[in-house]
Each structure stands twice: as C-alpha cells, then as structure tokens.
2 protein chains.
Amino acid sequence: MNIRVAIFEDNNLLRESLFQLINGTDGFSAIGAFHDCRDILFNIKRVEPDVVLMDIQMPGITGIEGAKIIHDNFPEIKIIMQTVVEDEERIFASICNGASGYLLKNTSPVRLLEAIKDVYEGGAPMTPSIAQKVLLKFRHQSPQINTDDNLTHREKEILECLVQGMSYKMVASSLAISIDTVRHHVRNIYEKLHVNSKSEAVVKALKGKIV
Amino acid sequence: MNIRVAIFEDNNLLRESLFQLINGTDGFSAIGAFHDCRDILFNIKRVEPDVVLMDIQMPGITGIEGAKIIHDNFPEIKIIMQTVVEDEERIFASICNGASGYLLKNTSPVRLLEAIKDVYEGGAPMTPSIAQKVLLKFRHQSPQINTDDNLTHREKEILECLVQGMSYKMVASSLAISIDTVRHHVRNIYEKLHVNSKSEAVVKALKGKIV
DNA sequence: TATGCACCTGCATATTTATGCGGTTAAAAG
DNA sequence: CTTTTAACCGCATAAATATGCAGGTGCATA
C-alpha cells in the first residue's frame, strides 16, 4: 500500500521534481501537486492524501495557515513543513498549527522520503537544526520541577483549587472542610512559598510547582 | 579533525560494539567507554570528548543525572541520550538536563554516526517518535497567542502588574494613577476576560494572553 | 459637531482575603 | 511514651477586593 502524498509548493521546478521523486519511488504515490492553497479543502478532499508536503511561504494563504486548515478539518492527515529559512516564529507557529514534521529544503531526497514514511508512522521527523530550536524553546519554557517547597498533600490540593480560580468558600465546600481550615492551610502555603497574596501564590504555582 | 566521542553504557557488548563502530569510521574517534557514571567528571576532564553518548538507565548515577553533571560543568559538550523505552518523563527530564539528542537503541549505525555529526554541528537529532512526544508536549504547553480579548494598552499594563503579584495600591503608585482608577480598569479586564477575581484573571493571563 | 473610545477620578458597600491568636485529634517519628 | 506533624476547627480584625453608581478629559473618526 503506497503512502499518498500531496504537495503544496509555489516553485514550479521544485514542485515538479518532488512529484517525480515521490512517484518514482516504491511505496510512495504523489497524488496531487498544487502551487498555492486556493481551494485547499476541496483539493484535499478530492485527492485524500496521507501526508502533505507544505511549503511554508506561498503567495496568498501561507503554508502555516494552510497547515492549520488541513489539521483542523482532517486531523489524521500528517503535515511536513518545508522551508528555506529557519525562522523561529514560523517554526513554532507551524508546530502549534498541527505540523508534525519540519524540514529544510536542502534535505536530501532519501531523507525526505524517510521523513514522509516517519510522519506516516506517527513520528515527527525534523531537521536537527530545527529540532535544536524546539529543544531550546522547550527547555526555556519548562523551568518547572518544584524547587523543594515541601508542601503537604493537603496544601497542594488547596493550591490547585486556588489556581482554578476558586474562592476560600468554594475550596471549603469542594474539599468538605470549613472555611477556617482553608484559611489555615493557605497561611501555611504562603509561608512556604514566601508570598502573601492569593494571586502571588497562584503565579508561583503556575510557573514553578504543581502546575 | 575527528569528532571525539565518549560512551557511557553499562551493557558490555553494546559498549564494545559502539566503540568499534565509532573508531572504525572515518572522522570519528571513540576516546573513552565507561560502564557507569562513577568519577564522571574526572573521566570527562581526562578524555575531553566533543560528544557524549549516554545510556539513560545505568546502575548508580543514572544517565539523566550524568547528563546534568556534564552539562553543568562542560556546557560545550554535546550529549546524546540513548534508550530502549520511550518514557516521557525521562525524555523531558533529559532535555531539561542538557541533552541535545535523543535516540532509540534500535537506531541504525549509519544514523547513529549521522546523529553524532549533527549534534557536533549544533543540531538536535531525535528519533522521530521521540520528536513526536516533544512536539505534542510543546503544542500542549504553548496554547498561547491571545484569543482576541481586545484589552486596551492600559488594561494590559495593569494585568501585567497583577500577574507580578502587585496589589491595587502598588499598581496605582507604579502607574501613577489613583487606586480608584485601578479598580475601574480591573473591572473592565474582568468583563473582557469573563472572570471575577484577581487570581482568575492572573491565571488567564498566564496561560492564554500576554504571558 | 457629535459619537465613541481610551483614559482618568470619585464614593459606597458587601464580600473576600490576610493574619493575629487560640485550640483538638490521629498517626508517625523520636 | 513523648514529640512532631498533618489535618482539622474556631474567632477577630484590618486590609484588600469586587461591584454598584456617577462623573470628567482629550482625541479620532464618522
């Protein structure tokens, strides 16, 4: 069973050669090649691809928007973004819009075919330099792992309630304890977290602890 | 100039074959092979590797801890984690501890050598299935891009102050306006954010908007 | 010119929160 | 067996917050 691939690429030469490459390889079928995202939903519905190869910069609807449209309507279709420039913004935007692979255009044909196979099988092939950017971002924005705030189990429960926007009264009824007890625990939480207001505690909880 | 590789792997057979593979390939030198993380700093300092191949599960100090030790002391050394199981926890822990590559142990020798070259050149080679996990996590925890809450500039300022844990009074003096004005803006913020308490607003701000 | 919008100020009041002090109980740790 | 610890309950008060209502200014654009 061949993997059905659709190509979105505005450069005629590149689009053609991709088409040839994919169609000329065992196990792959290029079943559509488009030079922009016009009628994208119609086209996708018609050719029913397994994998979409999407150029990131195209006239009209950009590849990023195209990816979103496809992902929103056909979440089972895998999308590989292709780009010449390693622009962080667009990379992250693409990822959040449902792309599961990200390749630079200088990727070798062999690698490209492997990548198509990889996404088809549920993986997320990425050019190493792009993966690097993702990792850095990832590392940067996951500074968590609580820094020994030795909160009690109960205290964590209460903190979580507060994070959910509950008032003392709501927490009390939610945990079936009295409001005075809630106050008591909150006090201890503040002390351990070195804060002295609900919102401060919530902020600390969101970026640092329990999350 | 060869890429100098150190290997940490408790399985004797695997360690030896990795050593042979790397040493037998042009452009690579295996300059150390260790079966655990004992004296890790001493060993690293002695052999001065460019790239470390680190098994994730080893007796004594785990590969994750080992990676952290190396990264903390020699941030320029690239680390590739190797594992048999795709355990999310450990993957993310490794990433946060400074690993820049992540390979399953069934990776082919060719790929492994490529990966070593990739990290050496600043990339982050990852097995596609692992990259997939990272992407999902990434997508999950970056749901941002504000959802048109059309907050005024001023309102955003005030919200940011609240996020920083300030009280109305502090916000007022910080922005040189009266506390009643702060109240007024807060009211509007609540309305636009569909909340009705400071901490709720803060939570919404932290995951969804301005951040 | 008028209307809307962003911004600002004021006052009143009910509710919520922060913090002070006091206590009990059951289970784990010394 | 005593001490500690987590969890629980209570009361009191000052401060902060949430919301109600009623204004004012300056600037852009309809």
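Order of the sequence lines fixes the chain letters, A, B, ..., with proteins taken first and strands second; residue numbering starts at 1 for each chain.
Remark: P of D:dT19 and CD1 of B:Ile189 are 13 Å apart, rounded to the nearest angstrom. Computed from coordinates, the A:Glu200 CD to D:dA16 P distance equals 13 Å when rounded to whole Å. If you take CD1 of A:Ile179 and P of C:dT15, they are 12 Å apart, rounded to a whole angstrom. In this structure, the CD atom of A:Glu191 is 13 Å from the C1' atom of C:dA18, given to the nearest Å. Between the NZ atom of A:Lys198 and the P atom of C:dT19 there is a distance of 14 Å, rounded to whole Å. Whole-Å rounding puts the A:Ile158 CD1 to C:dT17 P distance at 13 Å. Across the protein-nucleic acid pair, A:Asp180 atom CG and D:dC9 atom C1' stand 7 Å apart, rounded to whole Å. Counting to the nearest Å, the P atom of C:dT19 and the CG atom of A:Asn188 are 12 Å from each other.
Annotation: salt bridge (charged side-chain N to carboxylate O under 4.0 Å, His left out) contacts of A:Arg46 (sequence neighbours excluded): none. Partners of A:Lys117 by side chain to side chain donor-acceptor pair (under 3.5 Å), not counting sequence neighbours, listed by chain and number: A:Glu121. Contacts of B:Lys78 classified as side chain to side chain donor-acceptor pair (under 3.5 Å), with partners at least two apart in sequence or in another chain: none.
Salt-bridge formation is detected for the pair A:Asp55/A:Lys105: a Lys NZ or Arg NE/NH1/NH2 atom is positioned less than 4.0 Å from an Asp or Glu carboxylate oxygen. At a threshold of 4.0 Å, the pair B:Glu157-B:Arg154 counts as salt-bridged, since one of the basic side-chain nitrogens sits closer than that to a carboxylate oxygen.
For DNA chain D, no neighbouring residue in residues 164-172 of chain A is found when judged by any heavy atom under 4.0 Å.
Residues A:Leu53 and A:Ile22 form a side-chain contact, since some pair of their non-hydrogen atoms from C-beta on lies under 4.5 Å apart.
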Output a table of nitrogen or oxygen pairs between the protein and nucleotides 20-24 of chain D separated by less than 3.5 Å.
residue: D:dG20; atom: N7; partner: B:Arg187; partner atom: NH1; Å: 2.7
residue: D:dG20; atom: O6; partner: B:Arg187; partner atom: NH1; Å: 3.0
residue: D:dG20; atom: O6; partner: B:Arg187; partner atom: NH2; Å: 3.0
residue: D:dC21; atom: N4; partner: B:Arg187; partner atom: NH1; Å: 2.8

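Contacts classified as side chain to side chain donor-acceptor pair (under 3.5 Å) and involving residues 161-177 of chain B (residues at least two apart or in different chains) are not found.
Within the 4.0 Å cut-off from OP1 or OP2 of D:dC8, not a single side-chain nitrogen or oxygen of A:Ser178 is found. Contact annotation: B:Tyr190 side-chain N/O to D:dT19 OP1/OP2 distance is not under 4.0 Å. Considering only side-chain N and O atoms, A:Asn196 lies under 4.0 angstrom from the phosphate OP1 or OP2 of C:dT19.
Minimum atom distance to the side chain of A:His153 is reached by D:dA7, of the listed D:dT19, D:dA7, D:dG10.
Each of B:Ser199 and B:Thr181 was assigned the nucleotide of DNA chain C with the nearest heavy atom; the assignment lying further toward the 5' end belongs to B:Thr181.
The structure places CD1 of B:Ile3 at 12.0 Å from CD1 of B:Ile31, a figure rounded to the nearest 0.5 Å.
Between the side chain of A:Glu16 and the backbone N or O of A:Leu13, no donor-acceptor pair lies under 3.5 Å.
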